[in-house]
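Quick notes on the structure that follows.
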Number of protein chains: 2
Amino acid sequence: MIKTSNYHHGDLREKILQTSFELLDNEGIEAVGIRKIARTLDVAHSAPANHFKNKQALLTALATESFRYLVSKIEKDISKETGNLRLSIHSFSNTILKFGLKYPNRYKLLWRREYADDQDDELGAAMDDIYAALTAILCEHAKNKQVDVESQAIALWSLVHGYVLLRLDENLKEGNDEVTGIKRQVAIIDVLIDGIIE
Amino acid sequence: MIKTSNYHHGDLREKILQTSFELLDNEGIEAVGIRKIARTLDVAHSAPANHFKNKQALLTALATESFRYLVSKIEKDISKETGNLRLSIHSFSNTILKFGLKYPNRYKLLWRREYADDQDDELGAAMDDIYAALTAILCEHAKNKQVDVESQAIALWSLVHGYVLLRLDENLKEGNDEVTGIKRQVAIIDVLIDGIIE
DNA sequence: CTGTTTAAATTGACAGTGTCAATATATAGC
DNA sequence: GCTATATATTGACACTGTCAATTTAAACAG
């Protein structure tokens, strides 16, 4: 009986999540493995099973936590903008892009239903919140009634989502608009806004 | 010595690709496995190694072939539009969406650099071709010089890419614009075009 | 304090994976 | 017909996630 110290961490669940996020951030989604985590925490390979039914449950927890963080960040940042449509939209897209660039693998995990459990209610709710935040801005301010507000919301969401993913997968590099000199990610949102406003 | 028939298929490479696409389409990227393919083809578990160095090489081949197909489809469809900017753009986005909806897992594979080999030249070339096709349309017809043509191209590409992925991951459902009645995927492109034209 | 129940961690096994090395066999070229 | 060469085979290795049985620690009841 050499080691008794590792019995009952008390906070093994938290430590598993922490280690998972480190693996996710540093080595990618595929690198998040039950046994690898257990090894890192110097714990039996089957210990995590007490806290997460299986790998999918663990990934779902990672996705849910990431989603909640992103949603709260979006809402916080948007609340700083005082009712200006253009600024609100830029705030929304900027928050998402910043999150994606800081935590590429978390952002990717968010949207890959094959890893996380799509039946999970908390996960679904967090997703709806993002869309709701966006729709709220547009409903309040949008002046272009030639198309559905929902179409405008979906267009914006798609644009931001697509740009972030293209950046994360390194299909696009950072850059500036040659004409205006502003950052590319701002320029493309402006193109869309020009189609929304007035 | 019971079976001699399986020695030297002659076209094992092709059969591997075919089986891989079936697995990819029906069960997802994760389901594409060397041993599973070998079992399906009633061949030794290590036989595929003669044709694909490793799993990554196989996935790279799948991605490259899919990319080539998509690029050729885009170019073919666009060539039917006679110089009209709006129609050309709709053709571009429609071709991509159609491909994505028909082969969701192929579309996802295309952009996931962690599966395919990002050093692969053919793969990189096919990607550049898509972007080049789009830029070509805009350079020829775009009238809005308030922003870089490249910003317009990136905006369009991002919008289409984002919308397709949101649809494929089932974060968005099919739908129509409530005001105009046209399909959502057309409506959102129109929003962007309104920001590009004039 | 004691005995019992419950939660958490352990070990061990199982089937599966990708990859590599050594071997066997068939095809093609001289 | 002999020899290369390409292709397929078997077997092993180190992994993986998951499950069952077991052991240990903590919590609780009397």
Side-chain angles (χ1 to χ4, degrees), chain A residues 1-20 22-24 26-63 105 109 112-117 120, chain B residues 1-20 22-24 26-63 105 109 112-117 120:
Chain A
M1 197 112 331
I2 292 176
K3 57 166 179 176
T4 59
S5 64
N6 282 337
Y7 249 95
H8 268 254
H9 275 248
D11 59 344
L12 182 56
R13 197 195 136 94
E14 267 319 301
K15 290 199 171 175
I16 289 173
L17 282 174
Q18 191 185 317
T19 307
S20 300
E22 280 166 17
L23 282 171
L24 177 62
N26 299 327
E27 305 179 42
I29 299 178
E30 301 296 323
V32 180
I34 303 285
R35 288 180 107 108
K36 195 188 271 188
I37 293 166
R39 219 180 300 130
T40 305
L41 293 175
D42 195 30
V43 106
H45 65 263
S46 194
N50 290 300
H51 304 278
F52 299 96
K53 190 177 112 216
N54 51 29
K55 193 178 178 180
Q56 185 184 249
L58 173 58
L59 291 175
T60 303
L62 296 182
N105 297 322
L109 177 63
R112 300 201 181 165
R113 296 288 179 96
E114 62 263 37
Y115 292 120
D117 179 13
D120 191 278
Chain B
M1 196 112 327
I2 293 174
K3 56 166 179 176
T4 58
S5 64
N6 282 336
Y7 250 95
H8 267 256
H9 275 249
D11 58 345
L12 182 55
R13 196 194 137 96
E14 267 318 300
K15 291 200 169 174
I16 290 172
L17 283 174
Q18 191 184 317
T19 308
S20 300
E22 279 167 17
L23 281 172
L24 177 62
N26 299 327
E27 305 181 41
I29 299 179
E30 301 296 323
V32 180
I34 303 285
R35 288 179 107 106
K36 195 187 272 188
I37 293 166
R39 218 179 302 130
T40 306
L41 293 175
D42 196 31
V43 104
H45 65 263
S46 194
N50 289 300
H51 304 278
F52 300 96
K53 190 177 112 215
N54 51 30
K55 192 178 178 178
Q56 185 184 251
L58 173 58
L59 292 175
T60 304
L62 296 182
N105 297 322
L109 177 63
R112 300 202 181 164
R113 297 289 179 96
E114 64 264 37
Y115 292 120
D117 179 11
D120 191 277

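Below, chains carry the letters A, B, ... as their sequence lines are ordered, and counting in each starts from 1.
- Atom NZ of A:Lys55 and atom C1' of D:dC15 are 12 Å apart (whole Å).
- With hydrogens and angles left out, the side chain of A:Asn50 and the base of C:dA9 share a donor-acceptor pair within 3.5 Å.
- For the pair A:Lys53 NZ and C:dA8 C1', the computed distance is 19 Å after rounding to whole Å.
- Rounded to whole Å, the distance from CZ on A:Phe52 to P on D:dT18 is 13 Å.
- B:His51 has its NE2 atom 18 Å from the P atom of D:dT5, to the nearest Å.
- Evaluation of the side-chain contact (heavy atoms from CB on, under 4.5 Å) rule for B:Leu17 yields B:Arg13, B:Glu14, B:Phe52, B:Leu58, B:Ala61, B:Leu62, B:Glu65 as partners, not counting sequence neighbours.
- Not counting sequence neighbours, the partners of A:Ala38 by the side-chain contact (heavy atoms from CB on, under 4.5 Å) test are A:Val43, A:Pro48.
- Atom pair B:Leu12:CG and C:dA26:C1' shows a separation of 14 Å (rounding to whole Å applied).
- Taken residue by residue, residues 27-38 of chain A places heavy atoms nearer than 4.0 Å to DNA chain D at A:Gly33, A:Ile34, A:Arg35.
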What donor-acceptor contacts under 3.5 angstrom involve side-chain atoms of residues 26-37 of chain B, with partners at least two apart or in another chain?
residue: B:Asn26; atom: ND2; partner: B:Glu22; partner atom: O; Å: 3.1
residue: B:Glu30; atom: OE2; partner: A:Tyr115; partner atom: OH; Å: 3.1
residue: B:Glu30; atom: OE2; partner: B:Tyr115; partner atom: OH; Å: 2.5

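- If you take CD1 on B:Ile16 and CG on B:Leu12, they are separated by 4.0 Å, rounding to the nearest 0.5 Å.
- Counting only heavy atoms from C-beta on, A:His45 has its side chain closest to C:dG12 among D:dA8, C:dT10, C:dG12.
- Place A:Arg39 and A:Ser46 on DNA chain D by their nearest nucleotides, and A:Arg39 ends up nearer the 5' end.
- B:Asn54 pairs by the side-chain contact (heavy atoms from CB on, under 4.5 Å) definition with B:Gln56, B:Ala57, not counting sequence neighbours.
- Looking at every heavy atom in both residues, B:Leu41 comes nearest to B:Thr19 through CD2-OG1, 3.4 Å.
- With sequence neighbours left out, the side chain to side chain donor-acceptor pair (under 3.5 Å) criterion links A:Arg112 to B:Glu114.
- Contact annotation for A:Asn54: backbone-only contact, meaning every heavy-atom pair under 4.0 Å involves sugar-phosphate atoms and none involves a base.
- Per the geometry, NZ belonging to A:Lys15 stands 14 Å off C1' belonging to C:dA9, to the nearest Å.
- Residue B:Val43 places its side chain closer to D:dT9 than to any other of C:dA8, C:dT11, D:dT9.
- Spacing between atom CG of B:Leu58 and atom P of C:dT17 amounts to 14 Å, rounded to whole angstrom units.
- Going from atom CG of B:Asp11 over to atom P of D:dA6 covers 18 Å, rounded to whole Å.
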